[in-house]
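A short write-up of the structure that comes next.
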There are 4 protein chains.
Amino acid sequence: MAVQEGDKRQAILDSAEKVFAVHGAAATIDEIAKDAGIAKGTIYLYYASKDELYISLMEDRISTYRERSRRALAGIDAPEGVIEQLVMMRTEFVSQHWGLLITLFQAGIPGSAQVHERICRAKLNAQQVFLDALENTVPRLDFDMESLLVMISGMADGLIMHRVFVSGEFDPQQTAEEVLALALPTLRTVTGCRE
Amino acid sequence: MAVQEGDKRQAILDSAEKVFAVHGAAATIDEIAKDAGIAKGTIYLYYASKDELYISLMEDRISTYRERSRRALAGIDAPEGVIEQLVMMRTEFVSQHWGLLITLFQAGIPGSAQVHERICRAKLNAQQVFLDALENTVPRLDFDMESLLVMISGMADGLIMHRVFVSGEFDPQQTAEEVLALALPTLRTVTGCRE
Amino acid sequence: MAVQEGDKRQAILDSAEKVFAVHGAAATIDEIAKDAGIAKGTIYLYYASKDELYISLMEDRISTYRERSRRALAGIDAPEGVIEQLVMMRTEFVSQHWGLLITLFQAGIPGSAQVHERICRAKLNAQQVFLDALENTVPRLDFDMESLLVMISGMADGLIMHRVFVSGEFDPQQTAEEVLALALPTLRTVTGCRE
Amino acid sequence: MAVQEGDKRQAILDSAEKVFAVHGAAATIDEIAKDAGIAKGTIYLYYASKDELYISLMEDRISTYRERSRRALAGIDAPEGVIEQLVMMRTEFVSQHWGLLITLFQAGIPGSAQVHERICRAKLNAQQVFLDALENTVPRLDFDMESLLVMISGMADGLIMHRVFVSGEFDPQQTAEEVLALALPTLRTVTGCRE
DNA sequence: TATGAATGAGCCTTCATTCAT
DNA sequence: GATGAATGAAGGCTCATTCAT
């Protein structure tokens, strides 16, 4: 009844998240292995390189975020609902993956072009979920939908990062409300709905 | 007619910007020196360490941004004008300092806590310029001004990064207009002005 | 039948002794590794830093000297015997650890205060063995025992170094006899024994 | 009325002594120049290299010691007097050149063979003064005079170093007396004089 | 599969020395 | 003579990656 292969992969990712969160790009394979309670070499049985481990970590977290978002958006048929979920999911993500905040929003600390590209793609996939939902709920619009989504995401990210890095106090619930207080009227302006 | 000390400091910063832009935190002092056409040791005559060089680069660019913003805001007396300048300055900055985009709009890459802190401070200083301008032009408001500013900045940053990293085409003029098309109505919603 | 960990540590120390002996503080980790036939990084698996390696080398050699001295002193019950052993052990040490002569008999070369302190402590421990033996064999004396020991050690060291560095010919046996020819009468003068 | 060349050479040596005393082999030319209040390059007008500066420093101090010793020995016609002066001069030297203690007795920290050799020669020259004096005052002896001198010097050095490095308290006057208390009887033993 | 000792390329930093002014 | 900016060789140390067990 050995540990499942998938479990060990997850355990490594969990340790990697912890260590990357603390040390950023300076995180070492040694420390991740130690945190996971396994030998350094074992990590290379599951991930081909440090970059690959990093990418896998990001892809895993982001795809979880995407699936959670997809489920949350089921049955939503008003643009306000989509935006509300967007903001909720983003604040929730940060409260759960605090340590990946910089990394996630920055799209790839360890640097190589490939890392950057693959993480960007994961983020785009997650965004697509919201984009689809938004397009299904809003009649044709003269405003580019993707730009709209990107900007409202940016509003949320901007406030979240400000709370985390500057204020030092991040209350997911309150932050979400504050963003929505600005985002929803904005949305209505664009969609032409008047409440 | 020797080169001024300030000039050499600037030359090093310029090379550092180029190299950091390409390699991120993995940039090496060697390469920066080579780009600047000087010996490695010379860099240490002007900057005490790689971290210090990185911080100085960021502080320099951000403070230039702040001063340009300050001048651009002189005489502006409507909140729309402030937001307009905010968006213009941000897009302009990116078109000039392409390589620093991730770093500037988010946090300090090369890791140490001190780096992060000092760059955050510089960014706050720059933001304060807009915050002051905004507070001078808007009557008391029930919406927190700083949050408003942070979110509108986030809107701009979100679209800019999307254009740069995803579309791969970044037209400063057009991007600025697109952001303003969403930001200005948003602002009016909050300030209660109706057109 | 793998090499024991202790063996590798010893092998590194042996190479370090050789290289420090030739180059003094200017010895490089590179060269020590090359002499040991291992990679540079391997040394750092066993010793945290160059200073630590140097200290460990000294502590190892000195503690061996101390234990050999302790055994040699067992059963000795006359002060002359103690001094005789002191001189013998010192000349023997030099003939075995030629390269460490300066370092051992004086202070720690590579500079840091910690190095100096830890080597001094090791030397004091070794001296204590002789001090204990001397105090056990000599009735109360008006002459400070430690000073006596230190000075007689100095006599031996002085002649040894003169033979090694100036004459260039060091015959342990003969040198020991020559020192004893002066040290023993001196001792008797102090202890009041008349032959 | 510019400063004499010799004065500047001396000023550099004085600074070098201060800095070597504090930092040992880790002393830098930069710091010596700063202490002397001159530019780094100026040092190279007077001393060809760091090694050369170091050697010059040692030779200067030792030759001063030699000349003072020579004067002190004038008119001395008993071996006890010679030994007394030997001990006095050595303790005096340490109290005046505290920082050079390790360096002097170790014969050359910065390592190169040439450094070692030249400092040894300087020390031998100084020793010769005492050797001459001793040979002039003592009838032919079956004990080798140089060995005798070297061992008595070693006695003094041993106690001095013990006081300086271990006890941490070095009182020149008292140390000298303590050494003489052992050295003079020793001498008489050899010379056959019975008080 | 799992281990962890070993590797060695590569980096930051220092500092003796030079030389144009 | 005097300066000090510039140089670049060299060294300590790290750490991703490999591989024999």
Side-chain angles (χ1 to χ4, degrees), chain A residues 2-3 5 8 23 25-34 36-54 110, chain B residues 1-3 5 8 23 25-34 36-53 110, chain C residues 1-3 5 8 23 25-34 36-53 110, chain D residues 2-3 5 8 23 25-34 36-54 110:
Chain A
V3 173
E5 140 129 8
K8 183 157 285 190
H23 295 105
T28 67
I29 292 284
D30 264 280
E31 200 161 356
I32 294 170
K34 192 159 83 176
I38 60 178
K40 199 175 2 178
T42 306
I43 289 183
Y44 284 87
L45 296 178
Y46 295 92
Y47 299 97
S49 69
K50 190 185 174 187
D51 266 16
E52 202 61 40
L53 169 59
Y54 182 75
Chain B
M1 218 80 66
V3 173
E5 139 129 12
K8 180 152 291 190
H23 296 104
T28 67
I29 290 284
D30 265 282
E31 199 164 355
I32 293 171
K34 191 153 74 176
I38 59 178
K40 199 182 345 185
T42 306
I43 290 183
Y44 286 87
L45 295 179
Y46 296 91
Y47 300 97
S49 67
K50 190 185 171 187
D51 266 17
E52 202 60 40
L53 170 59
Chain C
M1 218 81 67
V3 173
E5 140 129 11
K8 181 153 290 190
H23 295 104
T28 69
I29 291 285
D30 267 280
E31 198 164 357
I32 293 171
K34 191 155 72 177
I38 59 179
K40 198 182 351 183
T42 305
I43 289 182
Y44 286 89
L45 295 179
Y46 296 90
Y47 299 96
S49 67
K50 190 186 170 187
D51 265 17
E52 202 60 39
L53 170 59
Chain D
V3 173
E5 140 129 10
K8 183 158 284 192
H23 295 104
T28 66
I29 291 284
D30 265 281
E31 200 159 357
I32 294 170
K34 193 158 83 176
I38 60 178
K40 198 174 4 176
T42 306
I43 290 183
Y44 285 86
L45 295 178
Y46 295 92
Y47 299 97
S49 69
K50 191 185 174 188
D51 266 17
E52 202 60 40
L53 169 59
Y54 182 75

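Here is how names work: the chains are called A, B, and so on, in the same order as the sequence lines, proteins then strands, and each is numbered from 1.
Taking atom CG on L53(D) and atom P on dC15(E), their separation rounds to 16 Å, with Å as the unit. Atoms CD (E31(B)) and C1' (dC11(E)) sit 13 Å apart, rounded to a whole Å. Atom OH of Y44(A) is separated from atom P of dC15(F) by 12 Å (rounded to the nearest Å). Rounded to a whole Å, the OH atom of Y47(B) is 18 Å from the C1' atom of dT13(E). Going from atom CD of E52(B) over to atom C1' of dC12(E) covers 15 Å, rounded to whole Å. Following rounding to the nearest Å, K34(C) (NZ) and dG11(F) (C1') show an atom-to-atom distance of 14 Å. Between D30(B) atom CG and dA9(F) atom P there is a gap of 11 Å when expressed in whole angstrom units.
If you check every strand for non-hydrogen atoms under 4.0 Å, A33(B) touches nothing. A27(A) comes within 4.0 angstrom of sugar-phosphate atoms only, judged by non-hydrogen atoms across all strands, and of no base.
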Please list, pair by pair, any protein nitrogen or oxygen found under 3.5 Å from a nitrogen or oxygen in nucleotides 3-7 of chain E.
| residue | atom | partner | partner atom | Å |
| --- | --- | --- | --- | --- |
| dT3(E) | OP2 | A39(A) | N | 3.1 |
| dT3(E) | OP2 | T42(A) | OG1 | 2.5 |
| dG4(E) | N7 | G41(A) | N | 3.2 |
| dA6(E) | OP1 | K8(C) | NZ | 2.5 |
| dA6(E) | OP2 | Y46(C) | OH | 2.5 |
| dA6(E) | N6 | K40(A) | NZ | 3.4 |
| dT7(E) | OP2 | A39(C) | N | 3.0 |
| dT7(E) | OP2 | T42(C) | OG1 | 2.5 |

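Rounding to the nearest 0.5 angstrom, the gap separating the NZ atom in K50(B) from the CD1 atom in I29(B) is 6.5 Å. One finds the OH atom of Y46(D) at 7.5 Å from the CD1 atom of I38(D) (value rounded to the nearest 0.5 Å). Note: K40(B) NZ to K34(B) NZ = 11.0 Å, rounded to the nearest 0.5 Å. Taken to the nearest 0.5 Å, the OG1 atom of T42(C) stands 13.0 Å off from the CD1 atom of I32(C).
For the strand DNA chain F, secondary-structure stems (runs of at least three Watson-Crick or G-U pairs, all distances below 3.5 Å) span E:2-21 with F:2-21.
Between dG12(F), dT17(F), dT17(E), one nucleotide has an atom nearer to the side chain of I29(D) than all others, and that is dT17(E).
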